[in-house]
Structure formats: C-alpha cells, structure tokens
Amino acid sequence: MKRTQHCNELRPAHIGQMVTLCGWVHSRRDLGGLIFIDVRDREGRTQTVFDPSDLPKELFERAAALRSECVVRVTGKVRQRPAGTNNPKIPTGEVEVMVKELEVLNVADVLPFPVDDPEVASKVNEELRLKYRYLDLRRPEMARNLRVRSKVATATRVFMDEQGFLEVETPTLFKSTPEGAREFLVPCRTNPGLFYALPQSPQQFKQILMVAGVEKYFQLARCYRDEDLRADRQPEFTQIDIEMSFIEREDIYALIEGLLQRVWKTALNIDVPVPFKRLTFEEALNRYGIDKPDTRLGMELADLTEDFRASKFKVFSGAVAAGGVVKALNAKGLACATQSQIETMTEYAKSFGAKGLAYIKVEKGADGATVEWKSPIVKFFNDAEKAALAKKLAIEEGDLILFAADQWLNACEILGKIRLYCADVLKTQGKLTIPTDRFDFLWVVDFPLLSFDKEQNRWYSSHHPFTAPVAEDIPMLKTDPKKVRGQHYDIVVNGVELGGGSIRIHQPDVQKTVFEEVLQIPPEMVKARFGYMLEAFRFGAPPHGGIALGFDRLIAILCNTASIRDVIAFPKTAKGTCLMTDSPGSVEPKQLRDLHLELKVAKKE
RNA sequence: GGGGGUGUAGCUCAAUUGGUUAGAGCGCUGCCCUGUCACGGCAGAGGUUACGGGUUCGAGCCCCGCCGCUCCCGCCA
C-alpha cells in the first residue's frame, strides 16, 4: 500500500496516528523556517507541515524545492492544529500531518494555468483547458462533474435493473440511413466501396430487440451525428436509450418520472414531485412560443387575435384577415430596454420573416404622475383595444409590451425567442432571479406527426418515421396529414429538451403506408433501407415504444453548467477537433489503399 | 454555409485620437522570513501584440486576408 488514507479523511479522531498520504502539491507556503504543503488527491486536501528542527536538512531542502502539482508521498504523525490555526474552509482543517518522510514520486513542470485557484481557473481560455485537459480535470470542480456523471450512470443502471430492464449493447458500426442527421461514414476494407455509418441512435436495433422478445431494453448508448456543434451538442454523445413492449404512453411517463426522481435524489438529494405537468404542443406554443418551455420565467404570451380583428392598425387586422393571429408578450420591468436591445429583438423578429417588431414602453409621463404608453403604434388603438391589452397583459408602469402578428406558428415562435431574450436581459439586470435548486419538469405531448417541407413539397416526420399516429387520427393520414397527432412525447426541464420518444408503429402495413404514401419514399428505397425492419415486423412484432434521454445534457443540468463540454472528459471543439490529441489526423497512403479510397483534397501541411 | 464575440508576458487583463522604451496583478527565478492556508517582504527575468499583407513619418490600435477558440442562425428524422 502506497497510502494509508486519502486526503479528505483525517479528522481529530486520527490524532497521534502515523499516516501516509499520496497526492499532488496543491499549494506551498514556505515561511523560511517552516513549510506548509497542502497535499491534494481527488477526495480533498490535507495540510502537511515540515519543521526543520525535527527533520534532516536534506529532507527539508527537498520540501523547499517542491513546486505546484509535483506528486508526493508523505508520512508523518497526525496532530491537532495549534489553537487559532484551524482552517474551517476544508474538512480536514482541524488537523495537520507533521512530516517525517517525503518521497517525491514525480516532479511537475511549471503549469500552463493554475489548478489550485477556482477563481482564475474558471476564467482560463477554454482552448488552453482543452489542450491540457488532464490538468483541467484535476480541478476540483471538474472532478466533481465526472463524479456526478459516474454516480448518475450507476443510479440509472440500478434503477433500470430494478424495473426489469436488460442492458443490451448494439452495434456502432451500422449502415447509412440518410433520413435523419448527417452521419459519420466508415469505409469497409473487406467490402471495397462499401461503408458503415456510425448510428445517430440505436433506434432501429432497439425496435428489433422488441421483436426479439427482450420486452424491456435500455442502454447508455454512444451516438454520433455529423452536424454543426453547439454548447449542448457534441459529435459523439451519450443517451439513456429505452424501449418497452406492451405499453402505452402513460407507462413511459411513469417510468421516466421514477428514473428522474432517483437521479435527482442521487445527485442533488432533491425530492422531485411527480407526476410532471403535461402540456400539449399547441398549448406550449400558445403560452410560451416554444415546444420546450422554461416555465420558471413566467411572462406567458397572450392572444389578442379577436381584439384586433377589426383594428384600424392594418398590420394587426391584416394579419388576422389573412388567417393569422395577434400575440403579445409583457416583458415585466423592461420598459428601460435600450435601443440596441429593441434592435436585437427586432432582428429576431425579422429573421422569422416579420417586417418589424411592434412594442409599447409603459413609463411615467412627462408630468411624473400619470402612466404613459410610449409607442409609435398606440395612436391607432381605440379604447376597447387598449382595455383588452391592459387586462390580458396586466400592464403596469415599467413594462415592455411586444407584439407579433403573423401565421400562428410564426407569431408564437417569434415571441418565444423574444421571451427568452428578455429573460436573459432581466437576469443580467437582477430583476429576475431563479433559485438554482428549482427544476420545472414537464411533458410536451400531442406533437403533429408530420411537418410540411415547402422546398421539397412533401411531408416529413416531425420525430421519426416509426412514430405511431394517435389511433383515432389514423384515418386522416391520407386525407388531412396536417391534423394527425403523433404518439410522441418530449421531457423538458427548465427549458431544456432532456429527451423524447414515442409509441412506435408495430404493424407492417401501417409502417409501409407511412413510408410510401405519406412520406413518399420510393418502395425500392424503403426496401433497401428499412426492408429488414418491415420483414421483422411480419414475424410477430409486439406493440412497443420508448424514449431517449440526453445523458450529457442531464448531467450538465445537475452540475449547473451551460456547456456539456464541462461534463465530458474529453470533448471536442466547435469544429469537431480534439486539441489534446490533435484529432482528426491524416493517414498513410497505404491505409487509404487498403480502404480503396483516393483523396481529392490537397494534403494539409 | 451565414452572423456576432474574441486573440497583447506562462495565466487574467490594461494600454486616451494612430505617437516615448507595450504596463498591472497572479505565476516563475533568486534572496529573506517558524503558524501559514490568496502567507508576507525585497530584487529580477519574461513580449514576433495569433499569423500574412496593406495604409502611414509612425500601427497592439485603421484596412484587407487568414487561422484558432467561442456563442447564435441554418442544420440536428
């Protein structure tokens, strides 16, 4: 044994014992005649003391030469710290180790950035952190994230096992199914000209596992998507992937509510109330302007379509006459918004095809007593319209009212974006504070099964083509596809889409109809891409459904960090490179020949 | 593919309208210091201002290009 205790273990009960600790030199305080060295391992840190009156000169000099992050092994006697020198900031702060022996296991060069100072380290350029990821991960904050991730993974496996699920691994060398996200391709040496694709998700395998009679499947599955990255997206990521047979939507809701209860209890010791609220897709858009609402923010959208149907303000009445709606949002306390903030919001609106963004600033009038609506458009409103606004939006001094008049979906989404922007501004101004331990879970249900692609003039699956329609809507599949609701559900927490899933189509004929008649995929293409699934379904496919939760996002929420890079040990940059290993890299000509590949790009460097 | 932000000492940042030898804190090196825990004191070293062009008597600052990182839009069944 190299050590007797870890660095977060010693307490007054250990006083008098000889102990050996191993770890990194966290910080060194050399008082000349006396040296303090905090030894750190992943559990914590302990102060060790080098007293020259008690030690050979040679040993003391070696201690004096130690630098931050050298790896050491120290042996000495635990003792009570002298009165008044306790350090209440660390759990081992009542004791210290009087060193008798020091072994330098390894020296460290001067560091590119500090590991011991959370204030400084959290501000260090991420480029540097990624290049020296092993140093970044030594920081206690990052080590904590890794630990939360591991604990939650284990809690998930235990919970799913208790519920009777089998963890089954599925291939990561799959084949291309071009419907969804862009895929990573892997050339196949043994079959010249053919390619594997890395799976976007184990979707098809998990459904086949249901046909195979597994009944309850789960997997912490690695998934791959070759799309542009974001703070919450990496090219390879992990899902808690789940599929069950002989179930309905309610069974999935109950299962996931139980799982998330267990996870929140494990990671944060928080008891999450169940069942979660449910919102239909339509209601989510109507009230929040987005299909993953952050209900902590308040500021719900109001509908003023009927109030402005006959308005003299043609932008509003015209939109209603064209079959659209008038929606408004009260950004409480934002009347002070700057011109550039209004500008930003207007740009948002314009990017969605609006001509501009109507607003009213509700401020004190010139006389200092009355409240005045300052707006270029308010002169067009009659008293009834003003009264409707005041009532539906509960207008008070200091408010900023924002409008969107457009087709329903567009109007909702514009204000949805602006609502989030306003919330950010209010947060920065300190007018909106949300406790970090508040978690608003909700299910969003009744999504439209299909969406229309104007450019390609065809319907496509909102979720994926295996999603079952709501049974009573099936007759409308061919007559009125827009109205068909899917048995699809999303789980949302604090405005983050944590996961989604659906009850699947298990009848081969319905699946064939969706592929060929609704999605208009040519039969031969259906056969080539999904033939084995349709075939499998002919041999007795049980009704089934499932869900997938974004594991990285889940951990990021639990760790209260905005970027999933902070909860992935070795993440990639926004361009998909790894700054530590310098991947992706070039390969030798022989490797290309083996793969029957020829490059058409100029070799870099 | 598009838009925004950013790049100055090892790290975090500053540098007035384009004007002297590009500064500070931390870190580092040396010396001093026996109760520190952000130890303290004295001294010192450390710069291709990401990179390549251009304008100018003069560029960290202005212009063009390019690269990295980052955020957002598109994209992510």
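Below, read A as the first sequence line, B as the second, and so on, with proteins coming before strands; counting in each chain starts at 1.
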More than 12 non-hydrogen atoms from neighbouring residues, nucleotides or ligands closer than 6.0 Å to NZ on Lys482(A), yes or no?
no
Shorter than 3.5 Å, N or O on both sides, protein versus nucleotides 1-3 of chain B: list them out with atom names.
unit_1	atom_1	unit_2	atom_2	d
G1(B)	O6	Asp228(A)	OD2	3.4

G7(B) - base-pair partner by Watson-Crick or wobble geometry, distances under 3.5 Å:
C67(B)
Residue set satisfying ring pair (Phe, Tyr, Trp, His ring centres under 6.0 Å) with Tyr224(A), at least two apart, ordered chain then number -> none
Side-chain donor/acceptor of Glu96(A) to base of G35(B), under 3.5 Å
yes
Out of U12(B), C37(B), U34(B), whichever nucleotide has its closest atom nearest the side chain of Thr85(A)
C37(B)
Is Asn86(A) touching bases, backbone alone, or none of the nucleic acid, heavy atoms closer than 4.0 Å?
base
Sort and list the pairs that fulfil salt bridge (Lys or Arg N to Asp or Glu O under 4.0 Å) and have at least one residue in residues 125-135 of chain A, not counting sequence neighbours.
Glu126(A)-Arg565(A), Arg129(A)-Asp136(A), Arg129(A)-Asp566(A), Arg133(A)-Asp136(A)
Under 4.0 angstrom, heavy atoms only, what part of the nucleic acid is Gln47(A) near: base, sugar-phosphate, or nothing?
base
Which value, in whole Å, describes the distance between the P atoms of nucleotides G1(B) and C75(B)?
16 Å
Among the candidates C76(B), U36(B), U34(B), find the nucleotide nearest to the side-chain atoms of Ser53(A).
U34(B)
Relative to the 5' end of RNA chain B, which residue comes earlier, Gln200(A) or Ser563(A), by the nucleotide with the nearest heavy atom?
Ser563(A)
C11(B) OP1/OP2 closer than 4.0 Å to side-chain N/O of Lys123(A)
no
Which one is paired to C61(B), where only Watson-Crick or G-U wobble pairs with both distances under 3.5 angstrom count?
none
Scanning all shown strands, the Watson-Crick or wobble mate of C13(B) with both distances under 3.5 Å is G23(B)
Would you classify Pro82(A) as touching base, sugar-phosphate or nothing, given that sugar-phosphate means primed atoms plus P, OP1 and OP2, and contacts are heavy atoms under 4.0 Å?
base
With respect to the side chain of Arg29(A), which nucleotide from G35(B), U36(B), C76(B) is positioned closest?
U36(B)
Contact class for Thr577(A) vs. all strands (heavy atom < 4.0 Å): base, sugar-phosphate, or nothing?
sugar-phosphate
Residue pairs passing the salt bridge (Lys or Arg N to Asp or Glu O under 4.0 Å) test with at least one member in residues 490-502 of chain A, sequence neighbours excluded, are none
Any base atoms under 4.0 Å from Arg529(A), or only sugar-phosphate, or nothing? Heavy atoms, all strands.
nothing
Any donor-acceptor pair, under 3.5 Å, between the side chain of Arg81(A) and the base of U36(B), if you only look at N and O atoms?
yes
Is Phe36(A) stacked on the base of U36(B), meaning ring centres closer than 5.5 Å and planes within 30 degrees of each other?
yes
Which nucleotide in G35(B), U70(B), C75(B) has an atom nearest any side-chain atom of Leu34(A):
G35(B)
Taking atom C1' in both A43(B) and G5(B), what distance in whole Å separates the two?
41 Å
Can you tell me if CZ on Arg29(A) sees more than 12 non-hydrogen neighbours from other groups inside 6.0 Å?
yes
Does the pair Arg28(A)/Glu69(A) count as a salt bridge with the N-to-O cut at 4.0 Å?
no
Using a 4.0 Å cut-off on protein heavy atoms (strictly under), produce a 5'-to-3' string for nucleotides 24-33 of chain B with B for base contact, S for backbone-only sugar-phosphate contact, and - for none.
-----S---B
Qualifying residues under ring pair (Phe, Tyr, Trp, His ring centres under 6.0 Å), relative to Phe530(A), sequence neighbours excluded
Phe466(A), Phe515(A)
I'd like the C1' distance from G52(B) over to G46(B), given in whole Å.
26 Å
Salt-bridge present (Arg79(A), Glu96(A); N to O < 4.0 Å)
yes
Set of residues satisfying salt bridge (charged side-chain N to carboxylate O under 4.0 Å, His left out) with respect to Lys575(A), sequence neighbours excluded:
none
Can a donor-acceptor pair under 3.5 Å be found between the side-chain atoms of Arg225(A) and the base atoms of C76(B)?
no
Does Lys417(A) reach a base, just sugar-phosphate, or nothing at all? Heavy atoms under 4.0 Å.
sugar-phosphate
Using Watson-Crick or G-U wobble geometry with both distances below 3.5 Å, tell me the partner of G40(B), or none.
C32(B)
Residue Thr573(A), side-chain atoms from C-beta onward, closest of C69(B), C72(B), C76(B)
C69(B)
Could one point to a donor on the side chain of Glu127(A) or the base of U70(B) with an acceptor on the other under 3.5 Å away?
no
Per atom distances to the Leu128(A) side chain, the nearest of C11(B), C69(B), C71(B) is C11(B)
With Glu347(A) via side-chain hydrogen bond (donor to acceptor under 3.5 Å, both in side chains) - residues at least two apart:
none
Looking at A38(B), C37(B), U12(B), which one has an atom nearest to any side-chain atom of Asn87(A)?
C37(B)
Go through the structure and list residues passing side-chain hydrogen bond (donor to acceptor under 3.5 Å, both in side chains) with Gln407(A), not counting sequence neighbours.
none
